[in-house]
Visitor: 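Before anything else, here's the structure in question.
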Amino acid sequence: MDASEQALVEAAKRDPARFAPLYETHFERIYAFIVRRVRDRSLAEDLTADVFRRALAGIGGFEWRGVPFSAWLYRIAANEIVNHASRSARERGPTEGTGPVSGKRTGETMNDSAQEGTIDITDEIERAEHRATLFRHVDALPPDQRRVVVMRFAEERSVREIAAELGRSEGAIKQLQWRALQTLRSRMGPSHG
C-alpha cells in the first residue's frame, strides 16, 4: 500500500474537491486500458469519464484491502466496458450473422464476450500500465522528436509525408525518429525492449 496514495484517497473522502490528484495520477492508465478494449477513442474518452465520475461518487465507500487504488479503478473500468457492451447489444437487438455459420455460438451475445474478456484482466492491466508509461516518456521527448514519433506511429504517416509537412529532409526525420526511439528504449528499460 502506498502511503501517499492512501493520503490522497483519505483527503478525497473528506473533500471531493481533492479528488483531482487521484484523477491526474490514474487517468492515462485507465484511458489506455479502456481504449485497448473498445478500440474507439471517442467511446474510450466517454467511458473513462464515466469511470472517474463513478469513482468520485463512490470514493466514500472505498476501503483499503491490501491492493492499490488503481485496482479499484480498473474494476470500475472493466464494469463500464461490460455495461456499455450490454447496452449496445440491447440497442442493436438480434442481428443477422450470429449462429454457427458466423463462428459464434447460437445465443452468444456481445455481453457474453465482454464478460469473458473481463474475467482475468491482469494482462490487460499490465499492458495498460506499459502504454501509460510509454505515453509519459513520449511526452517527455524534445518537441521535434515527440512530433515525429506521434506522426509516425500514432498517425501512421510515412517518413516522406512527415518530411514534407515539417519542411525537413527524409534523412533528418529518420534521424529524429532514431534518436527518439533510442531515448524511449533507454527510459523504458530492457524488459520493454
Side-chain angles (χ1 to χ4, degrees), residues 2 5 8-9 12 19-59 61-63 65-99 102-140 146 149-157 184 187-189 191-193:
D2 182 355
E5 184 172 75
L8 291 174
V9 170
F19 186 78
L22 290 168
Y23 172 85
E24 291 168 7
T25 300
H26 297 287
F27 173 82
E28 288 177 357
R29 62 181 64 141
I30 297 300
Y31 174 77
F33 173 76
I34 293 173
V35 79
R36 173 81 168 103
R37 299 287 240 175
V38 302
R39 299 186 186 279
D40 177 322
R41 287 183 182 186
S42 178
L43 175 58
E45 290 168 2
D46 291 345
L47 291 176
T48 302
D50 291 341
V51 166
F52 284 101
R53 203 170 308 133
R54 286 189 185 275
L56 177 59
I59 191 118
F62 175 78
E63 295 177 17
R65 295 186 176 155
V67 295
F69 179 72
S70 62
W72 185 61
L73 293 175
Y74 283 121
R75 178 54 53 204
I76 294 171
N79 289 337
E80 285 299 314
I81 293 166
V82 170
N83 291 342
H84 170 75
S86 181
R87 283 190 306 271
S88 294
R90 278 194 308 272
E91 289 170 5
R92 279 195 308 276
T95 58
E96 293 181 28
T98 58
S102 70
K104 280 191 170 183
R105 298 183 303 271
T106 304
E108 181 180 15
T109 66
M110 185 172 177
N111 189 36
D112 296 333
S113 299
Q115 285 177 339
E116 287 172 11
T118 60
I119 290 170
D120 180 15
I121 63 171
T122 305
D123 288 341
E124 280 295 324
I125 291 170
E126 288 175 8
R127 285 193 290 271
E129 293 280 351
H130 174 74
R131 281 190 301 279
T133 300
L134 179 60
F135 294 154
R136 280 192 297 276
H137 288 308
V138 168
D139 283 344
R146 181 176 57 242
V149 167
V150 169
M151 292 174 80
R152 185 80 173 105
F153 300 104
E155 298 173 10
E156 299 180 351
R157 298 176 65 181
L184 291 172
R187 290 180 182 168
M188 295 294 288
S191 64
H192 298 291

Visitor: Once rounded to the nearest 0.5 Å, what's the spacing between atom CG of Leu47 and atom OG of Ser42?
Guide: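 One finds 9.5 Å between CG of Leu47 and OG of Ser42.
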Visitor: Got Tyr31 and Arg36 here, is their nearest side-chain heavy-atom distance under 4.5 Å?
Guide: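 No, side chains not in contact.
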Visitor: Trp72 vs Phe62 aromatic rings, parallel, tilted or perpendicular, using cut-offs 30° and 60°?
Guide: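 The arrangement is tilted - the two ring planes meet at 30° to 60°.
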Visitor: Check step by step if side chain to side chain contact (heavy atoms under 4.5 Å, CB included) holds for Phe69 and Thr25.
Guide: CA-CA 11 Å; Phe69 179 72; Thr25 300; over 6 Å; no
Visitor: Supply the atom-to-atom distance Ser86 OG to Asn79 CG, rounded to the nearest 0.5 angstrom.
Guide: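 The distance works out to 11.5 Å.
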Visitor: Of all residues at least two apart in sequence or in a different chain, which pass the ring-ring contact (aromatic ring centres under 6.0 Å, His included) check with Phe153?
Guide: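 Once residues adjacent in sequence are excluded, Phe153 has no partner under the ring-ring contact (aromatic ring centres under 6.0 Å, His included) criterion.
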Visitor: Just so I know, are the side chains of Val35 and Arg39 near enough to count as touching, which here means a heavy-atom distance under 4.5 Å?
Guide: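 Val35 vs Arg39: side chains apart.
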Visitor: Using every non-hydrogen atom in the two residues, find where Ala77 and Val51 come nearest and quote the distance to one decimal.
Guide: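 Closest pair (atom of Ala77, atom of Val51, distance): CA-CG2, 3.5 Å.
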Visitor: Find out whether Leu22 and Ile59 are in side-chain contact, i.e. whether some heavy atom of one side chain is under 4.5 Å from a heavy atom of the other.
Guide: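 In contact.
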Visitor: Is there side-chain contact between Asp139 and Glu28, with heavy atoms separated by less than 4.5 Å?
Guide: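 Heavy-atom side-chain distance check passes, below 4.5 Å.
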Visitor: Taking side chain to side chain contact (heavy atoms under 4.5 Å, CB included) as the test, write out the residues that go with Arg157, two or more places apart.
Guide: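 Only Met151, Glu155, Glu161, Ile162, Glu165 meet the side chain to side chain contact (heavy atoms under 4.5 Å, CB included) criterion with Arg157.
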Visitor: When rounded to the nearest 0.5 angstrom, what distance separates CZ in Arg75 from OG in Ser70?
Guide: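 OG of Ser70 is found 12.5 Å from CZ of Arg75.
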Visitor: I'd like to know whether His26 forms a side chain to side chain contact (heavy atoms under 4.5 Å, CB included) with Glu5, so could you lay out the CA-CA distance, the side-chain angles of the two residues, the decisive distance to 0.1 Å, and finally the verdict.
Guide: CA-CA 11 Å; His26 297 287; Glu5 184 172 75; 2.8 Å; yes
Visitor: Nearest 0.5 Å, what's the CG-CD1 distance between Asp50 and Ile34?
Guide: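 Here the interatomic distance stands at 8.5 Å.
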Visitor: State, with a plain yes or no, whether a side-chain heavy atom of Leu43 is found less than 4.5 Å away from one of His84.
Guide: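 Side-chain contact under 4.5 Å: yes.
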Visitor: Can you establish whether the number of heavy atoms outside Arg187 located under 6.0 Å from its atom CZ is more than 12?
Guide: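 Correct, the count exceeds 12.
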Visitor: Has Thr48 got a side-chain atom pairing as donor or acceptor with Ala44's backbone, closer than 3.5 angstrom?
Guide: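 A pair under 3.5 Å: yes.
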Visitor: Can you name the nearest heavy-atom pair linking Phe33 to Ala78, along with the distance?
Guide: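 Answer, listing the atom of Phe33 first, then Ala78: CE2-N, 4.0 Å.
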Visitor: In this structure, is the centre-to-centre distance between the rings of Tyr23 and Phe19 below 6.0 Å?
Guide: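 So the answer is no for these two rings.
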Visitor: Within the side chain of Arg146, is there an N or O that forms a donor-acceptor pair under 3.5 Å with the backbone of Val138?
Guide: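 No; zero donor-acceptor contacts below 3.5 Å.
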